[in-house]
Amino acid sequence: MKRIFAMAFLLLAWIATIAQNYPSEWVRYTSDGYFHDIESAQHKQDALDLARSNLAKQIQVRVEEISKIDKQVINGRSSISYSSSKGFSTDVDMKLAQTLSSYDENLGKYYVIAYINKEEACNFYENEIKMLISNIGSHIAIADNYISTGFKTKAKEELQNTLALFGQKDEPLFWLNVFGLDENKMQRYLNEINSNEQTVKSKIADLEHGLRIFLDCKADLFGNSYPTLANTIKGDLSEIGCTFVTSAAEADWAVYVSANAREYNAPTIGGHTTYFAYIDATLAIDKVVTNQRIYEDALTEKGGHTHNYTEAARDGYKQIAPKIIELINQYIKQ
């Protein structure tokens, strides 16, 4: 028992001695609201280096404690695995460290304190989280604007790019945990981030169905209907995720194609006759949501065949179909 009292007396005496040698206002930095270390040396830089090094070690110890927790944050619904934070460097946080120094003329020593204010550190990382949430919200708003104006392809690209932002939450949330942010606040930030992530994923899923196209395609082959043109257009557009509806009112885009075949000539060279026919087509594309005609023009393409004009016209349709599809693709992807 006497030994314990003796050790306690020596400890109190050492604390008192140290307290006498550094400014009394430093006491505030030794409270639970701070990570801190106080060192002394004959050379100021030596004391400063040692204080910063020991402060970094304290942070590292706290990091290792948090890393072992692998804490589930939001009631099992969503979580951040803090064990993944082992890659986070304490150097990141030493930028938040501040130092003060004092010189004791009697002892010829410099006293240096290095400290991090936990509340200020939390404020720093809270601002990062708030900026991230704001940035995500801005991207969602941009995507919503694209959707409302009929630019679904751009909306989908915007939302897919937004998904990458959610990975930026891990580091600031980890450090908020290190510096002791209130658990309720932490959960509110996580709830908001997770809610935004679900919103983005839900909107992407809705857009996976692609653009809704109303196609009105009339193709004539010398008095007979030629449905192959419409089927070719639908087949190619389906491959990029477009779906087809039966009325313009249901569509994102309304596409109108009207095509006719006409005989041109049938020259005979060396006893072989080649038949040529033209396909004259008009193409119009309307953006339904804004009631705008985005494109309207006429196209002509020549086809040839050795059998007859009908086969020549079929060849003409084969030539003109890719051009019509290319134009539709160009405008509906804007």
Side-chain angles (χ1 to χ4, degrees), residues 74 77-78 127-170 172 188-218 230-258 281-299 322-334:
I74 301 185
R77 185 167 58 85
S78 182
N127 286 334
E128 286 202 351
I129 285 294
K130 288 174 182 176
M131 286 190 291
L132 175 61
I133 291 171
S134 177
N135 191 17
I136 290 169
S138 295
H139 282 277
I140 292 173
I142 290 170
D144 285 343
N145 185 59
Y146 280 143
I147 292 170
S148 67
T149 53
F151 295 106
K152 288 191 173 181
T153 301
K154 287 187 176 181
K156 185 177 177 181
E157 291 173 357
E158 186 73 24
L159 292 167
Q160 287 173 331
N161 291 335
T162 305
L163 280 178
L165 296 177
F166 291 97
Q168 297 177 16
K169 72 181 184 299
D170 292 350
R188 285 199 299 271
Y189 288 133
L190 280 164
N191 282 342
E192 187 167 3
I193 291 170
N194 289 332
S195 176
N196 283 335
E197 187 170 12
Q198 290 305 311
T199 296
V200 169
K201 289 180 177 179
S202 176
K203 288 178 181 290
I204 290 174
D206 290 341
L207 292 169
E208 287 295 341
H209 299 295
L211 297 171
R212 293 168 299 179
I213 307 293
F214 169 69
L215 177 63
D216 182 358
C217 181
K218 298 180 176 66
N231 292 336
T232 301
I233 293 172
K234 286 183 176 180
D236 278 45
L237 294 181
S238 294
E239 289 182 4
I240 62 169
C242 293
T243 56
F244 292 87
V245 293
T246 56
S247 72
E250 302 173 85
D252 299 306
W253 297 89
V255 177
Y256 302 93
V257 179
S258 179
T282 59
L283 171 64
I285 303 172
D286 293 346
K287 182 187 285 189
V288 176
V289 70
T290 58
N291 196 29
Q292 289 176 287
R293 174 141 293 183
I294 302 301
Y295 177 86
E296 185 172 16
D297 205 354
L299 301 85
K323 296 185 176 181
I324 292 172
I325 293 166
E326 183 180 354
L327 285 166
I328 294 171
N329 258 315
Q330 178 184 336
Y331 286 94
I332 67 173
K333 285 184 176 181
Q334 290 182 356

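Here the structure is a predicted model, which means the values were calculated and not measured. Scope of the values below: all heavy atoms of this structure, side chains included, with no hydrogens, waters or symmetry mates.
- Of the possible polar contacts, one joining the Thr149 side chain to the Asn145 backbone as a donor-acceptor pair under 3.5 Å is found.
- Across all their heavy atoms, Ala254 and Ala248 have their closest contact at CB-CB, 4.2 Å.
- Considering only residues two or more places apart in sequence or on other chains, Lys156 meets the side-chain contact (heavy atoms from CB on, under 4.5 Å) condition with Gln160, Leu207, Glu208.
- Considering only heavy atoms from C-beta on, Lys169 comes within 4.5 Å of Leu132 through its side chain.
- Separating the CD1 atom in Ile136 from the OG atom in Ser195 is a distance of 10.5 Å, to the nearest 0.5 Å.
- A heavy-atom distance below 4.5 Å is found between the side chains of Lys152 and Arg212.
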Val255/Leu237 under side-chain contact (heavy atoms from CB on, under 4.5 Å): CA gap, chis, key distance, verdict: CA-CA 12 Å; Val255 177; Leu237 294 181; 5.8 Å; no
Would Lys323 and Leu283 count as a side-chain contact (heavy atoms from CB on, under 4.5 Å) if you check the C-alpha gap in whole Å, the side-chain angles of each, and the deciding distance to 0.1 Å? CA-CA 10 Å; Lys323 296 185 176 181; Leu283 171 64; over 6 Å; no
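- Annotation: side chain of Phe214 is not in contact with side chain of Asp286 (no heavy-atom distance under 4.5 Å).
- Atom CD of Glu192 sits about 4.0 Å away from atom CD1 of Ile133, to the nearest 0.5 Å.
- Closest non-hydrogen pair, Tyr146 versus Glu158, comes out as CE1-OE1, 4.3 Å.
- Proximity of Trp253 to Ile294: side-chain heavy atoms (C-beta onward) are separated by under 4.5 Å at one or more points.
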Under the side-chain contact (heavy atoms from CB on, under 4.5 Å) criterion, do Leu165 and Thr162 qualify, and how do the steps go? CA-CA 5 Å; Leu165 296 177; Thr162 305; 4.2 Å; yes
Could you walk me through whether Glu157 and Phe151 pass the side-chain contact (heavy atoms from CB on, under 4.5 Å) check? CA-CA 10 Å; Glu157 291 173 357; Phe151 295 106; over 6 Å; no
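- A 4.5 Å side-chain heavy-atom check between Asp252 and Val289 finds every atom pair outside the cut-off.
- Atom CG of Asn196 is separated from atom NE2 of His139 by 12.0 Å, given to the nearest 0.5 angstrom.
- For the atom pair OH (Tyr189) and NZ (Lys130), the distance works out to 4.0 Å, reported to the nearest 0.5 Å.
- Using a 4.5 Å heavy-atom cutoff, the side chains of Leu299 and Leu327 are in contact.
- Across all non-hydrogen atoms, the minimal contact from Val288 to Ala251 is CB-O, 3.3 Å.
- Here the closest non-hydrogen pair linking Ala230 and Leu215 is O-CD2, 4.0 Å.
- Between Cys217 and Ile324, the closest side-chain pair of non-hydrogen atoms is not below 4.5 Å.
- In this structure, Tyr331 and Tyr295 have tilted ring planes: the angle between them lies in the 30° to 60° band.
- The shortest non-hydrogen separation linking Thr153 to Leu211 is OG1-CD1, 3.9 Å.
- Rounded to the nearest 0.5 angstrom, Asn231 CG and Ser238 OG are separated by 10.0 Å.
- With sequence neighbours excluded, the residues satisfying salt bridge (charged side-chain N to carboxylate O under 4.0 Å, His left out) with Lys201 are Glu197.
- Here Leu159 contributes atom CG and Ile147 contributes atom CD1; the two are 6.0 Å apart, rounded to the nearest 0.5 Å.
- Counting heavy atoms from C-beta on, the side chains of Asp144 and Ile140 come closer than 4.5 Å.
- Taking Asp236 as the reference, nothing meets the salt bridge (charged side-chain N to carboxylate O under 4.0 Å, His left out) condition, with sequence neighbours excluded.
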